[in-house]
S.K.: 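I have a structure I would like to understand better, so I am pasting it below and will then ask my questions one at a time.
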Amino acid sequence: MWIVPIAARRMLKGIAGCAACLMLAAAAMRAGGQTAPVEKTSTAQSAKQARQLDWWKNAVIYEIYPRSFQDTNGDGIGDLNGIAKRLDYLKALGVDAIWLTPVYPSPDVDFGYDISNYIDIDPQYGTLADFDRLVANAKKRNIRVIMDMVMNHTSDQHEWFIQSRSSRDNPYRDWYCWQDGKGQTATDKGQPPNNWQSLFGHSAWRWDQTTRQYYYHKFYVQQPDLNWHNPAVNDAFKQIIAFWLKRGVGGFRFDAITTLFEDPSLADEGVRLDKDGNPIINAYGDPQLDGSKTDNQPGVHEVMEEMRAEADKFTTGDFPGTRVLIGETYMPNIGELKKMYGTPDKPEFHLPMDTQVGMIDKLDVTEFRQRLIDAETHLSSHIPLLLFDNHDVRRIDARYGDGVHDVDIQRVMATILLASRGSALVYYGDEIGMKTTPPERKEDVKDPIGIIGWPTEKGRDGERTPMQWDANSKAGFTTGTPWLPVPPSAKTINVRAEKIDPDSLFAWYTALIRLKKTVPAFESGANMMLDPENTKVLSWMRQATGTPQVIVCVNFTANLEIVDLTLGEAGMRARELKTLLKTPGGPDTEAINRIVLGPYGVYIGEVQ
Ligand code: GLC
Ligand code: CA
């Protein structure tokens, strides 16, 4: 087993000649004592500082897949300077922060999620100097930069793993998860230690001939899992985090966080069965396992408490203010999600992703209502982080669209995302309605899971296509050959066209974000579900003390629907409404007892 029996901290000191370790140590020393005293010189200043501390509570966080956002040097791959070039666009949209998926040096097996050096920038994206300039230019526009932090695994090309696999007594051996095989002998490698599987298909164990042991990889073979039972690993990441915090980042999105630990018993995982008692087979042809020994194991909360304490050392009342910790938290239920916030004494994430709401994957009013009620009532006073998609899942069109009313349905989703209480993640291109465009032929697939799982699993290329800036053949993304093809839909779905169209989806996102930031009930008001029996229209009210109530109604059907919010026990008093936003060309509404919605129509009004 890979639980570290040795004094790993001492070992770390003993490792000679590791450039990355020394740089980290130096960075951590420079970063020491970052907690700046907050001086209360004037009320205006304290109000400003309070805003900087609370910025994440009603935030719009825009996820950028840097490879696909904007290329500036013609190599067909987006870069940091490209992001910097588009900051005014992001400002106009109204975002508070951008989260960059990994831009660290990487062999790109998993396009950045296999990191070979955590304290540099991959040359294809730019340099550390470009990064610093991006942070500074973003700051001028009040936009924070959030980094992705991948702690479960490194690349197999990371110096730590190169060392670790070089011999059984290398000081880095216990930084990864090494095991003997089942029935292994001096001449026979035996079988993998247990039935655990990679999330990307097949056994999670890889035989390493040089040192004659198996290593564990929850993701690709080239992404060996770190051994989080080893305190040296924990220390190394605190230093990495400090390195970026010191550079002024606004926080981190912690990747695959529930997979940090595995059950030390190494017991097999259970196989999921269908209703006839037969194993469910996944897209890779393997039996589906229950994840009971490799996901959400004890230890994750302690690690996150420590990372939070580290980030809080850098939190000041000045920009970027609170250094926010976002979690990639696909939790099984709201109770488990709540735990990810930690406790008042030992906080963990500020914003663990709420995938309960965003991943329902069908337009079911009752289901949405219940999940939104859960987010409102089961997370104490924590801030929910809503999202509908990201670089790992098909975009909104593919999961909620009907092929006929896609833009209207995208308006519905945007409204749930941005008119509900809490913070929101917007995936690049969703604001213009980019469509999931998977490769048509296996030979065009870039994401390896699309090759392993073809054709059931076509991989994630379809949601990572180049940002559609204009209608030209390369969509304004590059002058070279884009690393993934520009979807044909770029002809009509693009920023240039939508910016001048007041009825576009882009105009809708911009208007919603403006409301989120300027209407007091939207800024902080509670969410209260209305008309609770309605199975066609989802309606809710936002209410903050001493300010007008705002109602939001979204039609989940392709028919005209009329709602009367005065009905029933919890009905509201009949009042007039002032329209704040409604679907372009949608019917008129004037009063709470007669809100008229076209197919997939949306109405937002202030109660008079
Ligand atoms: C996360 C990332 C995904 C990546 C995986 C392994 O789920 O979002 O893109 O492949 O972790 O790092
Ligand atoms: Ca792990």
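Counting convention: from 1, in listed order, for ligands and their atoms alike.
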S.K.: Would you confirm whether Arg173, through its side chain, and Ser164, through its main-chain N or O, come within 3.5 Å as a donor-acceptor pair?
M.R.: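 Yes, Arg173 side chain to Ser164 backbone: donor-acceptor pair under 3.5 Å.
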S.K.: Heavy atom under 4.0 Å from ligand 1: found in Glu63's side chain, backbone, both, or neither?
M.R.: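 No part of Glu63 comes within reach of ligand 1.
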S.K.: Going by the order shown, which atoms of ligand 1 are within less than 4.0 Å of some heavy atom of His391?
M.R.: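 It comes down to these atoms of ligand 1: 2 (C), 3 (C), 8 (O), 9 (O).
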S.K.: Going by an N to O cut-off under 4.0 Å, is there a salt bridge joining Asp447 and Arg460?
M.R.: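 Between Arg460 and Asp447 there is a salt bridge, with a charged N closer than 4.0 Å to a carboxylate O.
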S.K.: Can Lys435 and Asp406 be counted as an ion pair, charged N to O under 4.0 angstrom?
M.R.: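 Asp406 and Lys435: salt-bridged.
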S.K.: With heavy-atom distances below 4.0 Å as the criterion, list the atoms of ligand 1 near His153.
M.R.: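 Here the atoms of ligand 1 in question are 6 (C), 12 (O).
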S.K.: Checking a contact table here: which protein heavy atom is nearest atom 8 (O) of ligand 1, and how many Å away?
M.R.: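 Scanning the protein heavy atoms, the shortest distance from atom 8 (O) of ligand 1 goes to Asp392 OD2, 2.5 Å.
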S.K.: Do any of the N/O/S atoms of Tyr216, backbone or side chain, fall under 3.0 Å from the Ca ion (ligand 2)?
M.R.: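 Looking at Tyr216, which is the residue asked about, there is no N, O or S atom under 3.0 Å from the Ca ion (ligand 2).
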S.K.: Nearest non-hydrogen contact with atom 5 (C) of ligand 1 belongs to which option: Phe219, Tyr65, Phe111?
M.R.: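 It is Phe219 whose heavy atom sits nearest to atom 5 (C) of ligand 1.
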S.K.: Relative to the Ca ion (ligand 2), which of the N, O or S atoms in Asp225 is the closest?
M.R.: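 In Asp225, the N, O or S atom with the shortest distance to the Ca ion (ligand 2) is OD2.
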S.K.: Closest N/O/S atom of Glu262 to the Ca ion (ligand 2), by atom name?
M.R.: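 Distance check against the Ca ion (ligand 2) picks out OE2 in Glu262.
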S.K.: Should Gln223 and Asp156 be marked as a side-chain hydrogen bond (donor to acceptor under 3.5 Å, both in side chains) after you check the CA-CA gap, both sets of side-chain angles, and the distance that decides it?
M.R.: CA-CA 6 Å; Gln223 293 171 303; Asp156 62 352; over 6 Å; no
S.K.: Just let me know how Met151 lines up against ligand 1, side chain, backbone, both or neither, with a heavy-atom cut-off below 4.0 Å.
M.R.: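 Within the 4.0 Å criterion, Met151 makes no contact with ligand 1.
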S.K.: Would you mind checking if Arg212 and Asp208 are paired as a salt bridge, meaning a charged N to carboxylate O distance below 4.0 Å?
M.R.: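 Salt bridge: no.
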S.K.: When you measure from atom 1 (C) of ligand 1 to every protein heavy atom, which one gives the shortest distance, and what is it?
M.R.: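 Answer, as residue, atom name and distance: Asp255 OD1, 2.7 Å.
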S.K.: Strictly under 4.0 Å, does any heavy atom of Arg460 approach an atom of ligand 1?
M.R.: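 The answer is yes, since Arg460 has a heavy atom less than 4.0 Å from ligand 1.
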S.K.: Among all protein heavy atoms, pick the one closest to atom 10 (O) of ligand 1 and tell me residue, atom and distance.
M.R.: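 Answer, as residue, atom name and distance: Asp110 OD2, 2.5 Å.
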S.K.: Numbering the atoms of ligand 1 from 1, which are under 4.0 Å from a heavy atom of Phe200?
M.R.: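 With Phe200 as reference, the close atoms of ligand 1 come out as 10 (O).
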S.K.: Does NZ or CZ of Lys57 come closer than 6.0 Å to the centre of the six-membered ring of Trp55, within 45° of the ring's axis?
M.R.: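 Pair Lys57/Trp55 does not count as cation-pi.
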S.K.: Under a 3.5 Å distance rule, please check whether Gln184 uses its side chain to pair with a backbone N or O of Gly181 as donor and acceptor.
M.R.: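 Side chain of Gln184 to backbone of Gly181: a pair is present.
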S.K.: Okay, side chain of Asp225, backbone of Lys218: is any donor-acceptor separation there less than 3.5 Å?
M.R.: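 Yes: the side chain of Asp225 pairs with the backbone of Lys218.
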S.K.: If you count the atoms of ligand 1 from 1 in the order shown, which ones are under 4.0 Å from a heavy atom of Arg464?
M.R.: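 So the answer, numbered in order with elements, is 9 (O).
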S.K.: Would Thr294 count as a contact for the Ca ion (ligand 2), in the sense that one of its N, O or S atoms lies under 3.0 Å from it?
M.R.: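 So Thr294 does not bind the Ca ion (ligand 2) by this criterion.
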S.K.: Answer yes or no: is there an ion pair linking Arg67 with Asp108, defined by an N-O contact shorter than 4.0 Å?
M.R.: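 Looking at Asp108 together with Arg67, the answer is yes, because their closest N to O distance falls below 4.0 Å.
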S.K.: When you measure from atom 7 (O) of ligand 1 to every protein heavy atom, which one gives the shortest distance, and what is it?
M.R.: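 Answer for atom 7 (O) of ligand 1: Glu328 OE2, 2.8 Å.
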S.K.: Ignoring hydrogens and angles, tell me if any N or O in the side chain of Asn333 forms a donor-acceptor pair with the backbone of Leu337 under 3.5 Å.
M.R.: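 Pair absent, no side-chain N/O of Asn333 close to backbone of Leu337.
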